[in-house]
Amino acid sequence: QKTAYEIRPRDWSSDVCSSDLPLVAISFAFNGGSTQDAADKSGAASLATNMLDEGAGTRTALDIADQIAYLGGSLRTNSDWDASTVNLHLPVSKIDDGLALMGDVALRPTMAPAEFERMKKTRLTAILQGRDNASTLAALTFAKVLYGANHRYGWPANGTEASLNAITPADIKAFHAKVYQPSNALLIVVGDVTAAQVLPKLEKQFGAWKNTAPVAKVTLPAAPAAPSTTQSQSSSARTISRLCQSSSVISPESTSASTP
């Protein structure tokens, strides 16, 4: 039978649930995603999240991939409009090493300029490829039609060619500094552990973690009113076609390091 606990040490919260399998899944969720992007630098939040496991602490990107494979687990980072996450899944017996790795990735990413340029080039290439992908264009067009180009939910979460070229390493470091803070985080642990077992381990890795700056709050504008039901289908089709032809962006994606 599963038992759930709610624990709130210091200024961050944790939920711990136990199961019958010798596995544990740990997720860090941070309140902030692509809605934090400036209008001329859309894609910064997504790029920052993708950079987390491209070098952290004293580890290179290859070190991180090798270690998570050695531990028999997976480590994934992801960002959407309103949240950024770091997810760890591994055997309970490897939890100490896994938490140390997760702590580096979430809190101490190096975001080296060389890795930043490599990731940006990869993203720009994906944008070019997305122009020939019908499902990508459909998803982007849907967001534009639904929210409008001036609403943040209508922006391309992964950026445009122009916005990505405007983003600097300082921009992604600034996003990480203001969003990845304990007062802005939720830590969730699920698996074959109890609160008594896991809390000392969490305290060891994250107990000294402090807020460094006020967390920026974003107020979104109201979504545009629904179009009139009398609008002709031909007019709607022309609008969608025009947006597809002018689209130069791709939908949000995640990055991961995992076992084969």
**OP:** Measure the spacing between CH2 of Trp209 and CG of Leu202 and express it to the nearest 0.5 Å.
**Re:** 11.0 Å
**OP:** Look only at the side chain of Gln36 and the backbone of Ala45, and say whether a donor-acceptor pair between them is shorter than 3.5 Å.
**Re:** no
Original post:
Closest approach of Pro169 and Ile172, non-hydrogen atoms and distance?
Top reply: O-CG1, 3.2 Å
**OP:** State which residues pass side chain to side chain contact (heavy atoms under 4.5 Å, CB included) with Thr85; sequence neighbours excluded, sorted by chain then number.
**Re:** Ala29, Asn78, Asn87
**OP:** Sort and list the pairs that fulfil side-chain hydrogen bond (donor to acceptor under 3.5 Å, both in side chains) and have at least one residue in residues 90-100, not counting sequence neighbours.
**Re:** Asp96-Lys201
Original post:
Does the side-chain contact (heavy atoms from CB on, under 4.5 Å) test come out yes or no for Arg123 and Asn50, once each step is laid out?
Top reply: CA-CA 10 Å; Arg123 182 71 61 85; Asn50 287 170; 2.7 Å; yes
Original post:
Under 4.5 Å between any side-chain heavy atoms of Asn158 and Ile127, yes or no?
Top reply: no
Original post:
Does Thr122 have any side chain to side chain contact (heavy atoms under 4.5 Å, CB included) partners at least two apart in sequence or in another chain, and if so, which?
Top reply: none
Subject >> Thr35 (side chain) donor-acceptor with Trp81 (main chain) under 3.5 angstrom >> reply: yes
Please tabulate, one pair per line, all N/O donor-acceptor pairs under 3.5 Å involving side-chain atoms of residues 106-119, not counting sequence neighbours.
| residue | atom | partner | partner atom | Å |
| --- | --- | --- | --- | --- |
| Arg108 | NE | Asp104 | OD1 | 2.7 |
| Arg108 | NH2 | Asp104 | OD1 | 3.0 |
| Thr110 | OG1 | Gly55 | O | 3.1 |
| Glu115 | OE1 | Arg118 | NE | 3.0 |
| Glu115 | OE1 | Arg118 | NH2 | 2.7 |
| Arg118 | NH2 | Glu54 | OE1 | 2.4 |

Original post:
When rounded to the nearest 0.5 angstrom, what is the spacing between CG in Asp63 and CG in Asp53?
Top reply: 12.5 Å
Subject >> Closest contact, heavy atoms only, Ala39 versus Trp155 >> reply: CA-CH2, 3.4 Å
**OP:** Could I get the full list of side chain to side chain contact (heavy atoms under 4.5 Å, CB included) partners for Asn133, not counting sequence neighbours?
**Re:** Ser135, Thr136
Original post:
Do you know the tightest heavy-atom contact between Gly103 and Phe206?
Top reply: CA-CE2, 3.7 Å
**OP:** Write down the atom of Ser84, the atom of Gly33, and the distance for their closest heavy-atom approach.
**Re:** OG-CA, 4.0 Å
Subject >> All side chain to side chain donor-acceptor pair (under 3.5 Å) counterparts of Thr125, not counting sequence neighbours >> reply: none
Original post:
Does anything in residues 29-60 pair up under ring pair (Phe, Tyr, Trp, His ring centres under 6.0 Å), and if so which pairs, sequence neighbours excluded?
Top reply: Phe28-Phe30, Phe30-Tyr180
**OP:** With sequence neighbours excluded, tell me which residues meet side chain to side chain contact (heavy atoms under 4.5 Å, CB included) with Ala44.
**Re:** Asp37, Ile167
**OP:** Hey, could you give me each pair passing salt bridge (Lys or Arg N to Asp or Glu O under 4.0 Å) that has a residue in residues 165-175? Not counting sequence neighbours.
**Re:** Lys41-Asp171
**OP:** Would you check if Pro91 and Leu71 make a side-chain contact, meaning some heavy-atom pair closer than 4.5 Å?
**Re:** no
Subject >> Exam field: side chain Thr49 to backbone Thr77, donor-acceptor pair closer than 3.5 Å >> reply: no
**OP:** Can you run down the salt bridge (Lys or Arg N to Asp or Glu O under 4.0 Å) pairs that involve residues 66-75, sequence neighbours left out, and say none if there aren't any?
**Re:** none
Original post:
Can you list the residues that meet the side chain to side chain donor-acceptor pair (under 3.5 Å) rule with Ser42, with sequence neighbours excluded?
Top reply: Ser163
**OP:** Return the minimal non-hydrogen interatomic distance between Ala157 and Ser34, and the atom names on each side.
**Re:** CB-OG, 3.5 Å
**OP:** Go through the steps for Leu23 and Asp192 under the test side-chain contact (heavy atoms from CB on, under 4.5 Å), then give the verdict.
**Re:** CA-CA 6 Å; Leu23 300 171; Asp192 191 22; over 6 Å; no
Subject >> Of Leu101, Ile68, Val105, the residue whose pairing with Leu88 passes side-chain contact (heavy atoms from CB on, under 4.5 Å) >> reply: Ile68
Subject >> Atom pair CE/OG of Met102 and Ser27 - distance to nearest 0.5 Å >> reply: 6.0 Å
Original post:
Can you name the side chain to side chain donor-acceptor pair (under 3.5 Å) partners of Gln205, sequence neighbours left out?
Top reply: none
Subject >> hydrophobic_cluster_shared for Tyr70 and Leu62, side chain cutoff 4.5 Å >> reply: no
Original post:
Are side-chain heavy atoms of Met51 and His176 found at a separation under 4.5 Å?
Top reply: no
Subject >> Contact summary for Gln181 and Lys178, nearest pair of heavy atoms >> reply: NE2-O, 3.1 Å
**OP:** Run the numbers on Leu90 and Val24 for side-chain contact (heavy atoms from CB on, under 4.5 Å), then give the verdict.
**Re:** CA-CA 6 Å; Leu90 78 172; Val24 63; 3.7 Å; yes
